[in-house]
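Remarks on the structure that follows.
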Amino acid sequence: MRIGVVADGEGGGWMQEFDGPGPVRRVDDLARAVGEAERDGPRWVWGATEDVYPAFLRAGVRLGRCHDTALTEALLLGREGRHGEPSSLGAAWARLHGLPVPEDPVHPLGKGVLAQPALFEADRSTLPPGTDRLAALAEVHADQERRLAALPAGMRLLAAVESAGALAAAEMGHDGLPWRPDVHDRILTEVLGPRPPAGQRPPVLAELAARIGEAVGREVNPDSPAQVLRAMAWIGHPVESTRAWVLERVDHPVVPLLLRYKELARLHSANGWAWLDTWVEEREGPGGLRLGRFHPDYVVGGVVSGRWATRGGGALQIPKAVRGAVRADPGWVLVRADAGQLEPRVLAAVSGDAALAAAAAEDDLYARLAARTGGDRERAKIGMLAAMYGQTGGVAAPLLAAMRRSFPRALEYVDAAARRGEEGGTVRSWLGRTSPVPQGWGAAVAGPDGERRRRAHGRFTRNFVVQATAAEWALVLLASLRRRLPPLPEGAGIVFFVHDEVVLHVPREDAARVVRAVAEAEEHTRTVLFGDTPVRFPLAVAVARDYASAQGPA
DNA sequence: TTCTCGAGCGCC
DNA sequence: AAAGGGCGCTCGAGAA
């Protein structure tokens, strides 16, 4: 059963069965009505999950399945070579009617914990005022179903898991990652010294800056690449940039100071006290414990490859240094599941390379690679990454040649994708997500920089076929896992997701069942995507009180 | 003063 | 070792 939903922006709305003879139902309490109808397990149809689902979550209503027309429209447009065209409900409807297509609404950038959660979401459908929004939704949905039916079955699955991902993303944003402000503060203080007044350098950074000045014989702001560049020239060690790996090659006492400064300044500016103030919502726990939540604002499908992006807060770039602050509430635990070596396993599965698949049947793929190519594990890994990323020079060259000899089919798969890209063509993920052609391709490759740009785009499409398929593996896993979780108390469940790993926050007594659900989801994901492939996608599962100690070996 | 851009580096 | 893919975020510098 499919039920279309439109909110009126005041807590009520309209509902209608889309695949039955159901009449339009007007309800004053939409969350409640939706929650009741959820018992029949429908697939909810709406314009944008991020516009409607958070309000349902705030009302305590969780839903199983949906069809997000904006996300689906974007997938279909991409498939038609129309990346970047507006995909909102209003845009899709306007195209159906030959009307001017409105721009997509601009989502307000992350505002942190100070932002008031809107009581009611504004209408961001971009439908013209006065349009029958439910009828428009029905039209767009029917059109999308028709277009999907004409495509390979993978696209249907892709649309379903993209939509499921949107549900999961909203739930993670709602529940939040348990984050202990006191632990974060302790970590910062240990390496930076006590918190300074706003706008000032922490003591350790101030001291490093002073010592850098002494080492070069003049005052220099280490935060300014231009000043550092001048300072290096001044002391007789000119460098082309101030990147860490460039500075590392210079033998001068100022270098270790600069490198240390960079590292700590990064921590301070990106994930220091200001970040903590802005992004971690603090609440009082039992016994005066300072508990907190970091609410990631995921952008599903925000990357062309299908990876997610985030808006504000940098949820996908939380540095390892502060992960100790991610700590389960008393009596609860974190369950972390990490897909190791996902991308080479994906390549083994999609390319059908028997030798690589045999290696990918093992827990440590790289060790098997090394045995096969006759090198050590570390070099086998570099060779594999070079194959997937398009690196050709340096130490990678001989390793790449070894890969090509041992895994010709896998290499041919990514080489073919690279050739397509260099010719200005598109490539597709396993389920059918399509790569974009850069704006102004013809002129760009005709210009003086043309050859370089061809090669760059070839590296992009080479990587796309792997990265985009890895992203959909993760989407299927997420979708599968959230449907398999045992009943859990409010606020428990999946709380974090980063490309190839997922973290759950659950009461300790539920951990064992959750771990079993993860194992089932892993098996289901492999089968749904790749059938009876010998390739395995092992998830390393750890149950721990804090995220840092749930990190597997690197 | 405000905006935009590149440099640089965090994550996968 | 540095002709390696994808991002987001912060800062300084220069433009407006």
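Keep in mind that what you see is a predicted model, and the values were worked out from it rather than measured. Below, chains carry the letters A, B, ... as their sequence lines are ordered, and counting in each starts from 1.
The residues A/Glu50 and A/Arg311 are annotated as salt-bridged, a charged nitrogen and a carboxylate oxygen being separated by less than 4.0 angstrom. Ion pair A/Arg433/A/Glu162 flagged as a salt bridge, since at least one NZ, NE, NH1 or NH2 atom sits closer than 4.0 Å to an Asp/Glu carboxylate oxygen. A salt bridge is absent between A/Glu362 and A/Arg372: the closest approach of a Lys/Arg side-chain nitrogen to an acidic carboxylate oxygen does not fall below 4.0 angstrom.
Under a cut-off of 6.0 angstrom, the local environment of CZ in A/Arg454 is crowded, with over 12 non-hydrogen atoms contributed by other residues, nucleotides or ligands. Residue A/Glu240 places its CD atom among more than 12 non-hydrogen atoms of other residues, nucleotides or ligands, all under 6.0 Å distant. Taking a 6.0 Å sphere around CD of A/Glu219, one finds it holds 12 or fewer heavy atoms contributed by other residues, nucleotides or ligands. In the displayed structure, A/Arg453 atom CZ is contacted under 6.0 Å by at most 12 heavy atoms of other residues, nucleotides or ligands.
Of the residues in residues 402-429 of chain A, none lies under 4.0 Å from DNA chain C by heavy-atom distance.
Below the 3.5 angstrom threshold, one finds no donor paired with an acceptor across the side chain of A/Arg307 and the base of C/dC7.
Residue contacts for A/Arg243: at a heavy-atom cut-off of 4.0 Å it reaches the sugar-phosphate backbone alone, with no base atom in range. Within the nucleic acid shown, A/Ala244 comes within 4.0 Å of sugar-phosphate atoms alone, with no base atom in reach, counting heavy atoms only. Nucleic acid contact for A/Ile318: sugar-phosphate only, since backbone atoms but no base atoms lie under 4.0 Å from a heavy atom of the residue.
Paired with A/Val495 under the rule side-chain contact (heavy atoms from CB on, under 4.5 Å), one option of A/Leu504, A/Val502, A/Val503, A/Val335 passes, and it is A/Val503.
Straight-line distance between the C1' atoms of B/dG10 and C/dA3: roughly 23 Å, to the nearest whole Å.
Relative to the side chain of A/His499, the nucleotides C/dG6, C/dG8, C/dC11 differ in distance, and C/dG6 lies closest.
Atom CG of A/Asp223 is separated from atom P of B/dG8 by 13 Å (rounded to the nearest Å). Nucleotide C/dC9 holds its C1' atom 12 Å from the CH2 atom of A/Trp275, rounded to whole Å.
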Hey, what are the protein-to-nucleotides 2-4 of chain C N/O distances that come in under 3.5 Å?
{"residue": "C/dG4", "atom": "OP2", "partner": "A/Thr392", "partner atom": "N", "Å": "3.1"}
{"residue": "C/dG4", "atom": "O3'", "partner": "A/Arg459", "partner atom": "NE", "Å": "3.2"}

Check nucleotides 13-16 of chain C for protein N or O atoms closer than 3.5 Å to its own N or O atoms and list the pairs.
{"residue": "C/dA13", "atom": "OP1", "partner": "A/Ser224", "partner atom": "OG", "Å": "2.6"}

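The phosphate of C/dC11 has neither OP1 nor OP2 within less than 4.0 Å of any side-chain N or O from A/Lys262. In terms of phosphate contacts, A/Thr242 brings a side-chain nitrogen or oxygen within less than 4.0 Å of OP1 or OP2 of B/dG8.
In this structure, the side chains of A/Leu177 and A/Arg293 stay at 4.5 Å or more apart for every pair of heavy atoms.
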